[in-house]
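Each chain gets a letter, A, B and so on, in the order the sequences are listed, and its residues count up from 1.
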2 protein chains.
Amino acid sequence: MPVLQPVQRQSLSDAVFEQLRGQILRGERRPGSALPAERALCEALGVNRSAVREALRRLEQAGLVVVRQGGTSRVRDFRESASLDLLPSLLLTADGHFDARVVRSILEMRSALGPDAARLAATRGGAACAQRLDAVVEAMRTDAADLAAQQQHATAYWGHLVDGSENVAYRLAFNALHATYDRVRTLLARAMQAEIRDSAPYAAIADAIRCADADRAEALARALLERGASGVLAALARVEGATAQESR
Amino acid sequence: MPVLQPVQRQSLSDAVFEQLRGQILRGERRPGSALPAERALCEALGVNRSAVREALRRLEQAGLVVVRQGGTSRVRDFRESASLDLLPSLLLTADGHFDARVVRSILEMRSALGPDAARLAATRGGAACAQRLDAVVEAMRTDAADLAAQQQHATAYWGHLVDGSENVAYRLAFNALHATYDRVRTLLARAMQAEIRDSAPYAAIADAIRCADADRAEALARALLERGASGVLAALARVEGATAQESR
DNA sequence: CTTGTCAACTGGTCATACCAATCTACTCGC
DNA sequence: GCGAGTAGATTGGTATGACCAGTTGACAAG
């Protein structure tokens with residue numbers, strides 16, 4: 001049965017934004033270099049100045065360009081000025097492949113934050129948090145056969161856990177990581193199945209949080225995340241090997 | 001001698017953006033609630049529609065609102081949709097005081113990421129990274145008397161260290177944390193002096209990185225960051241105590 | 001009660017004009 | 001010759017008004 005996906009609209013300013021962002025991220029527009037004048041961009045892109053200006057505002061908000069009245073807009077170095085919300089657009093390279101460095105970065109970050117979030121949730125989250133987690137674990141058990149559903153549940157689980165840590169910064173970072181993950185989750189389902197398929201570790205962490213056992217929660221979370229990380233890294237190594245072979 | 005600060009210009013769309021963002025972050029506009037129509041906002045704010053639209057684009061980019069053609073724009077729950085770049089605007093409450101929860105969150109995050117970044121830098125950064133760090137340490141020794149300069153150097157130090165970790169996600173998170181810190185750095189100078197004043201730990205970490213001693217780099221970084229964290233937490237407790245006393 | 005239609009919203013795009021800051025090149029005075 | 005000052009060109013910022021394109025909801029027809 002064909003699955004109908006909702007079509008995603010794209011306004012002109014969206015298109016302009018994505019085009020310029022892509023050029024900046026691919027290095028085609030170097031940091032410090034001047035952007036064409038707004039009126040020149042309008043003409044080159046065949047759109048109205050409003051569309052260009054709205055796109056520039058978004059680029060500015062994302063920390064990719066700096067705009068000064070009277071002067072010319074300039075490209076910023078996104079490695080110095082952008083925030084985590086740039087991660088989704090860095091994940092895939094121009095030719096549609098994963099950027100291995102970005103994947104590794106994400107795995108490392110969740111390995112650093114996840115266990116600490118679990119520790120804090122055990123310290124602060126209390127029974128209320130554990131109860132929400134248990135509900136998700138129950139759902140995982142119900143949909144044990146459906147890998148995609150397990151993925152959704154695992155994400156929801158971590159969302160509740162991070163909420164239980166009562167750490168805004170962790171929550172915002174989680175949002176960025178989640179947005180990145182979400183865009184490729186079907187591609188990663190198999191590689192991460194060792195982390196996703198088994199609901200027992202999730203139940204164990206929830207129990208540790210209920211018991212306010214911070215050390216146990218942290219250790220369990222670390223072990224759980226390690227499962228997925230090694231799976232993804234192995235898959236990545238296979239792909240890289242295959243690509244190397246191809247290019248011979 | 002009075003220090004002249006460069007005045008920061010604010011375009012109309014900047015003003016509109018900040019006003020709406022403030023209302024959303026303070027909870028005056030609830031998640032899910034409808035925003036006034038663009039034309040209504042124009043009239044209410046006394047600006048033209050372009051200014052409103054550009055501000056809405058920025059809010060959308062920041063994950064604070066969702067805009068659909070034909071429908072009404074709605075406020076999103078920033079706790080679920082915003083990224084780390086929101087941190088600076090969450091740090092200070094409406095009455096200009098620190099939000100203690102946000103401060104704690106930031107301290108926890110840097111305590112989680114900093115040591116791991118040091119570990120990775122020791123694994124990957126190599127002598128090149130250590131050399132850059134040493135240069136900063138040298139500058140710290142030169143400006144040992146100037147606390148503000150020490151702060152700048154410490155920030156630069158961590159920037160190079162994070163670069164040495166070769167982790168994009170860490171770098172982007174660092175940018176967001178840095179932007180947040182930068183906005184209040186003079187206020188925090190005293191509370192963090194135990195971390196900033198002494199250049200020896202920085203030199204030690206650089207040495208561990210040069211030796212590719214990941215465990216040592218991690219442990220030293222953890223200890224260093226702990227200094228500042230406890231200082232800030234103590235200052236925060238004092239302020240909270242004073243505020244509690246005031247409100248009696 | 002369901003279904004189709006239409007009118008009144010909403011945001012999206014466009015064209016044009018003018019204001020304000022900046023940059024550049026030239027001129028003037030030393 | 002060289003620096004300061006000035007005028008014009010260039011850039012982004014704001015304003016107005018019109019029209020296009022989706023969404024919504026009321027309402028009439030079945």
Tell me: [atom1] of [X] to [atom2] of [N], nearest whole Å?
| X | N | atom1 | atom2 | result |
| --- | --- | --- | --- | --- |
| D14(A) | dT13(C) | CG | C1' | 13 Å |
| Q10(B) | dA20(C) | CD | P | 18 Å |
| E60(B) | dG11(C) | CD | P | 12 Å |
| N48(A) | dC14(C) | CG | C1' | 5 Å |
| E38(A) | dT13(C) | CD | C1' | 16 Å |
| L35(B) | dC9(C) | CG | C1' | 16 Å |

Next on the checklist: Take a 6.0 Å sphere around CZ of R30(B) and say whether it holds more than 12 heavy atoms from other residues, nucleotides or ligands.
Outcome noted: no

Next on the checklist: Check this for me: Q131(A), atom CD, are more than 12 non-hydrogen atoms of other residues, nucleotides or ligands nearer than 6.0 Å?
Outcome noted: no

Next on the checklist: If you apply the rule salt bridge (Lys or Arg N to Asp or Glu O under 4.0 Å), what do you find for E166(B) with R101(A), and how did you get there?
Outcome noted: CA-CA 8 Å; E166(B) 295 181 5; R101(A) 285 176 304 240; over 6 Å; no

Checklist entry - For A179(B), does its backbone N or O pair with a side-chain atom of D182(B) as donor and acceptor, under 3.5 Å? => result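 Judged by distance alone, no pair lies under 3.5 Å.
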
Item to check | DNA chain D: 5'-most and 3'-most nucleotides touching chain A, 4.0 angstrom heavy-atom criterion | outcome: dT11(D) to dT23(D)

Item to check | Distance-only donor-acceptor test (3.5 Å): side chain R49(B), base dG12(C) | outcome: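 Indeed there is one.
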
Next on the checklist: For a quick check of understanding: with a heavy-atom distance under 4.0 Å over all strands, which category does A51(B) fall into, base, sugar-phosphate or nothing?
Outcome noted: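 Nothing: the residue A51(B), judged by heavy atoms under 4.0 Å, touches no strand.
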
Checklist entry - Within the structure shown, what part of the strands sits under 4.0 Å from R74(B) by heavy-atom distance: base, sugar-phosphate, or nothing? => result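 Nothing, no heavy atom under 4.0 Å.
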
Checklist entry - Taking the side chain of Q69(A) as its heavy atoms from C-beta onward, which of dC14(C), dG11(C), dA20(C) lies nearest to it? => result dA20(C)

Item to check | Minimum-distance nucleotide (side-chain atoms of S73(B) versus dC14(C), dG11(C), dT22(C)) | outcome: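 In terms of side-chain proximity for S73(B), the closest of dC14(C), dG11(C), dT22(C) is dG11(C).
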
Checklist entry - Passes salt bridge (Lys or Arg N to Asp or Glu O under 4.0 Å), D163(B) versus R79(A)? Steps please. => result CA-CA 9 Å; D163(B) 279 340; R79(A) 283 185 50 87; 3.0 Å; yes

Item to check | Intermediate values then yes/no, salt bridge (Lys or Arg N to Asp or Glu O under 4.0 Å), R57(B) and E54(B) | outcome: CA-CA 5 Å; R57(B) 280 282 113 75; E54(B) 288 173 16; over 6 Å; no

Item to check | Most 5' of G71(A) and S11(A) on DNA chain C, judged by nearest nucleotide | outcome: S11(A)

Checklist entry - Which residue lies toward the 5' end of DNA chain C, R9(B) or R53(B), if each is placed at its nearest nucleotide? => result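 Taking each residue's closest nucleotide, the earlier one in sequence belongs to R53(B).
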
Next on the checklist: Please give me the minimum heavy-atom distance between G159(B) and R171(B), naming the atom from each residue.
Outcome noted: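 Of all heavy-atom pairs spanning G159(B) and R171(B), the closest is O-NH1, 3.4 Å.
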
Item to check | Comparing G70(B) and R39(A) on DNA chain D - which has the more 5′ nearest nucleotide | outcome: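 In this pair, the answer is R39(A).
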
